[in-house]
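In what follows, every heavy atom counts, from backbone to side chain, and hydrogens, waters and symmetry copies are set aside. Small disclaimer: the values here were computed from a predicted structure and weren't measured.
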Amino acid sequence: MADRALPAPRTPDPRDGPILRWGVLAPGQIARDFVDALLAHTGQRVVAVGSRSLERARAFAEPRDIERAYGSYEELVADPGVEVVYVASPHTEHASMALLAIAAGKHVLVEKPMAVTAAEAQTIVDASRAAGVFAMEAMWTRYLPQTDVIRQLLEGGALGRVRVVTADFGSASTADRASRIFDPRLAGGALLDLGIYPVSWAVFAMGLPVSVHATGQLSASGVDEQSAMVLTGQDGAQSLLSTGLLARTPSTATLAGTRASVEVHSPFWAPSGLDVHGLGSTPLSWRDPSGLVGREGMVHEAVALARYVSEGRDESPLHSLDDTVAIMAILDEARRQLGYTAIGSSA
């Protein structure tokens with residue numbers, strides 16, 4: 001087989017394209033990483049932040065020159081200068097905050113997982129569609145340049161029929177056992193925090209499964225602390241996935257087709273690179289040239305959202321709202337099989 005070049009990613013430069021005015025709900029660590037990345041690497045404007053504590057909102061806003069700080073979520077979504085709201089709260093508050101913003105006529109980017117159950121995620125989807133606003137889960141891996149390279153290989157048939165997909169994301173948690181991550185009432189556990197990345201990758205690579213098999217163990221508090229999943233596709237393809245809070249795993253992903261295979265470098269969920277085997281006499285490699293590291297890669301989802309809104313779309317063409325709900329249903333089923341019986345919900 002003659003060597004062939006890998007396709008170039010079609011991902012726009014984060015500094016190009018339309019600019020939106022963003023408001024941020026719940027200024028915690030993920031919000032800090034998201035906003036700092038936007039301010040450093042895009043032209044997007046963050047104009048307001050809202051918290052239950054005005055002091056906390058001001059502490060977030062002032063060093064970043066954010067114009068307005070609010071001591072309630074209601075004040076932020078009522079701000080006429082905010083076009084899109086980034087929901088960065090703990091999982092159990094995602095639905096209530098997203099619904100609040102949607103009711104105020106704002107577009108929303110909701111941190112993953114969009115909600116704590118598929119049914120709860122569906123309430124967000126239904127509300128956004130009824131209101132005619134844009135809604136998207138912040139599954140930022142779908143918008144990375146490396147993902148678009150793979151997307152083009154899949155679309156063009158270069159890899160053949162997908163047969164086996166793998167992905168892992170595990171960490172050795174140092175959190176106190178009394179923290180949110182180990183509290184079932186606050187939607188703790190590995191699957192929602194980490195496992196959603198391998199599951200989303202599998203659905204991207206293989207499509208929605210027809211069966212889900214999960215095994216693992218629960219913590220003393222009752223949350224999933226380690227699990228493995230096998231997802232089987234409609235044509236018999238299989239995804240082998242793992243996640244957990246007990247050990248740091250390689251965080252790599254692979255896709256094996258009948259013609260060629262892809263190995264995504266660690267961490268597969270952030271800007272990295274990939275190698276393709278089978279398209280030539282030697283492996284073909286691609287490395288992310290942007291210099292973005294870790295969560296800085298979240299800028300791609302933000303500029304994609306701005307572009308979609310400017311195009312008049314109401315959801316992402318790369319990660320539909322129906323897929324978001326379906327992925328939540330996979331996680332629901334995995335938790336059910338593990339015996340996880342308590343899950344927080346505020347909707």
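A salt bridge links D183 to R185: at least one charged side-chain nitrogen sits closer than 4.0 Å to a carboxylate oxygen. At a threshold of 4.0 Å, the pair D36-R295 does not count as salt-bridged, since none of the basic side-chain nitrogens sits closer than that to a carboxylate oxygen. E333 and R336 are joined by a salt bridge, as a carboxylate oxygen and a charged side-chain nitrogen come within less than 4.0 angstrom of each other. Between E93 and R180 there is no salt bridge, since no side-chain N of the basic residue sits under 4.0 Å from a carboxylate O of the acidic one.
R15 and H41 make their closest contact through CG-O, 3.3 Å (heavy atoms, listed as atom of the first residue, atom of the second, distance). Closest approach of G50 and P27 over heavy atoms only: O-CD, 3.6 Å. A pairwise comparison of heavy atoms in L255 and A205 identifies CD1-CB, 3.6 Å as the closest pair. Considering all non-hydrogen atoms of both residues, G43 and I19 come closest at O-CG2, 3.2 Å. Minimum heavy-atom separation, G244 to L194: O-CD1, 3.6 Å. Of all heavy-atom pairs between P198 and F268, the closest is N-CZ, 3.9 Å.
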Residues V46, R64; criterion side chain to side chain contact (heavy atoms under 4.5 Å, CB included); working and verdict: CA-CA 9 Å; V46 182; R64 295 171 176 83; over 6 Å; no

Set out, in order, the CA-CA distance, both residues' side-chain angles and the distance that settles side chain to side chain contact (heavy atoms under 4.5 Å, CB included) for S89 and H94, then state yes or no. CA-CA 6 Å; S89 63; H94 285 181; 3.3 Å; yes

Begin with the C-alpha distance, continue with both residues' side-chain angles, and end with the deciding distance and a verdict on salt bridge (charged side-chain N to carboxylate O under 4.0 Å, His left out) for E75 and R68. CA-CA 10 Å; E75 287 178 284; R68 299 181 292 283; over 6 Å; no

For F34 and W22: C-alpha separation, side-chain torsions, deciding distance, then whether ring-ring contact (aromatic ring centres under 6.0 Å, His included) applies. CA-CA 11 Å; F34 178 81; W22 293 73; 5.6 Å; yes

Could you go through K112 and E137, starting from their C-alpha distance and side-chain angles, then the distance that decides it, and tell me whether this counts as salt bridge (charged side-chain N to carboxylate O under 4.0 Å, His left out)? CA-CA 6 Å; K112 56 85 200 153; E137 181 183 47; over 6 Å; no

Could you walk me through whether E296 and D33 pass side chain to side chain contact (heavy atoms under 4.5 Å, CB included), step by step? CA-CA 7 Å; E296 290 178 335; D33 292 344; over 6 Å; no

Before you tell me yes or no, could you show the steps for D314 and R129 under salt bridge (charged side-chain N to carboxylate O under 4.0 Å, His left out), namely the whole-Å CA-CA distance, both residues' side-chain angles and the distance that decides it to 0.1 Å? CA-CA 7 Å; D314 56 11; R129 288 172 173 167; over 6 Å; no

Trace of the side chain to side chain contact (heavy atoms under 4.5 Å, CB included) decision for L338 with L191: CA-CA 11 Å; L338 293 173; L191 280 165; 3.9 Å; yes

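The backbone N or O of R21 sits less than 3.5 Å from a side-chain atom of E83, completing a donor-acceptor pair. Listed for the S242 side chain is no donor-acceptor partner under 3.5 Å among the backbone atoms of A228. No donor-acceptor pair under 3.5 Å is formed between the side chain of K106 and the backbone N or O of A78. Side-chain atoms of D224 never come within 3.5 Å of backbone atoms of L218 as a donor-acceptor pair (strictly under, hydrogens ignored). Judged by distance alone, with hydrogens and angles left aside, the side-chain atoms of R52 form no donor-acceptor pair with the main-chain N or O of S72 at under 3.5 Å. The closest donor-acceptor contact from the side chain of R45 to the backbone of I66 lies at 3.5 Å or more, if one exists at all. Remark: the backbone N or O of V264 is not paired with any side-chain donor or acceptor of Q146 at under 3.5 angstrom. Formation of a donor-acceptor pair under 3.5 Å by the E120 side chain with backbone atoms of V116 is found in this model. Side chain of S272 to backbone of H265: a donor-acceptor contact under 3.5 angstrom is found. Judged by distance alone, the side chain of Q238 and the main-chain N or O of T232 form no donor-acceptor pair under 3.5 Å.
At a threshold of 4.5 Å between non-hydrogen side-chain atoms, the residues Y143 and V299 do not count as touching. Side chains of Y308 and S316 form a contact here, defined as non-hydrogen atoms less than 4.5 Å apart. Here the side chains of L208 and Q234 are not in contact, with every heavy-atom distance at 4.5 Å or above. Annotation: side chain of T117 is not in contact with side chain of Q122 (no heavy-atom distance under 4.5 Å). Side-chain contact between T254 and V165: absent, with no pair of heavy atoms (C-beta onward) separated by less than 4.5 Å. For the pair V164/T166, a side-chain contact is recorded, criterion being any heavy-atom separation below 4.5 Å from C-beta on. Counting heavy atoms from C-beta on, the side chains of S251 and S266 come closer than 4.5 Å. Contact of the Y197 side chain with the T141 side chain is registered, since non-hydrogen atoms from C-beta on lie closer than 4.5 Å.
In this structure, the separation between CG on L153 and OG on S261 is 11.0 Å, given to the nearest 0.5 Å. Interatomic distance, T215 OG1 to H213 NE2, rounded to the nearest 0.5 Å: 11.5 Å. Expressed to the nearest 0.5 Å, how far CG of D275 lies from CG of L284 amounts to 9.0 Å. Note that CG of L25 is 7.0 Å distant from CG of L100, once rounded to the nearest 0.5 Å. Taking CG from D79 and CD from E74, the interatomic distance works out to 13.5 Å, rounded to the nearest 0.5 Å. Of the inter-residue distances, the one linking M206 atom CE with R161 atom CZ reads 12.5 Å to the nearest 0.5 angstrom.
D322 and S320 share no donor-acceptor pair across their side chains, judged by distance under 3.5 Å alone. A donor atom on one side chain and an acceptor atom on the other are found under 3.5 Å apart for S219 and S221. Side-chain atoms of D168 and T249 form a donor-acceptor pair, as typed in the model, at a separation below 3.5 Å. Side-chain polar atoms of H319 and T324 form a donor-acceptor pair below 3.5 angstrom.
The number of heavy atoms from other shown groups lying within 6.0 Å of CZ (R32) is above 12. A 6.0 Å sphere centred on CD of E155 holds more than 12 heavy atoms belonging to other residues, nucleotides or ligands.
Connection of L240 to V262 is not established within any shared hydrophobic cluster, with ILVMFWY side chains joined at heavy-atom distances below 4.5 Å, either directly or through further cluster members. If you chain together hydrophobic residues whose side chains sit under 4.5 Å apart, I30 and F169 fall into the same group. Grouping the Ile, Leu, Val, Met, Phe, Trp and Tyr side chains by contacts below 4.5 angstrom, directly or via other members, places V49 with L39. V303 is not connected to M139 by any chain of hydrophobic side-chain contacts under 4.5 Å among Ile, Leu, Val, Met, Phe, Trp and Tyr, and they are in different clusters. By the criterion of side-chain heavy atoms lying less than 4.5 angstrom apart, applied directly or through intervening Ile, Leu, Val, Met, Phe, Trp or Tyr residues, L144 is grouped together with L154 in one hydrophobic cluster.
Considering L109, V108, L318 as possible partners of M136, the one that fulfils the side chain to side chain contact (heavy atoms under 4.5 Å, CB included) test is L109.
Below 30°, between 30° and 60°, or above 60°: for F204 and W201 the angle between ring planes is between 30° and 60°, a tilted geometry.
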